[in-house]
Amino acid sequence: MPHELAPLPYAANALEPFIDTQTMEIHHGKHHATYVANLNKAVACTEVLQTKPLDDLIRDLASAPEAVRGAIRNNGGGHWNHSFFWKLMAPPSGTGPSGALLAALNAAFGNLASFQERFETAGMGRFGSGWAWLTVTQGKLEIVSTANQDNPLMGKAIAGCDGVPILGVDVWEHAYYLKYQNRRADYLKAWWNVVNWNAVARHYEAATR
Ligand code: MN3
């Protein structure tokens, strides 16, 4: 199978009390695993697709055979988004962004608090299931959101936005419902406690290099 589910980079209980253990187990072990299994089924039809890296699959959806394009969009997007998401989180450390990333956030949004507020608003404004993202486009930070498992890398024509994601939050109910029920706003506020700012800084550096 060309695509595999990597283990979580920390224990399932490592993000407590902000993200509960059971949510992490089901989210990774069931939801993400299903995206991987269905992506493998979708690419099984041709050798070209089977050997194509995940990044290329989602950046180049237009060239996928129409019969499997939707399945690759949903499940390739799901696999990419969740693989990214797990690494964007870490056990609560109490540290925020610093250095060039903090300077860029301040320049683009005024200060960290107003960046966070606008990011939460993007997550709240996504009707139904999807993601909110912080992206870099030609050196510029932007907040966008996508539906379902779409990703800015899929491009404007498909995802409605573009840019390179450096931070993203899953606002599907499966990401928070067990602990927060319908309170998406509370989940989004709590989520900042487990953001791995070192990972975000690495993504920012790579996207602005
Ligand atoms: Mn999810």
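Counting starts at 1 for both ligands and their atoms, in listed order. When reading the values below, keep in mind they use all heavy atoms of this one structure, side chains included, and skip hydrogens, waters and symmetry mates.
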- To the nearest 10 degrees, how large is the angle at the Mn ion (ligand 1) between H174 NE2 and H27 NE2? 90°
- Item | Exercise: do E142 and W133 side chains pair donor with acceptor under 3.5 Å | no
- Task: Tell me, please, if H32 has any N/O/S atom, main chain or side chain, under 2.8 Å from the Mn ion (ligand 1)?
- Result: no
- CG on L57 to NE2 on H79, rounded to 0.5 Å: 9.5 Å
- Note on the structure: Here the N/O/S atom of H82 closest to the Mn ion (ligand 1) would be NE2
- Item | Which atom of D170 approaches the Mn ion (ligand 1) most closely (N/O/S) | OD2
- Contact check, side chains of T135 and V164, non-hydrogen atoms, under 4.5 Å: no
- Message: So if I apply the side chain to side chain contact (heavy atoms under 4.5 Å, CB included) rule between P97 and each of V195, L167, L112, which one comes out positive?
- Response: L112
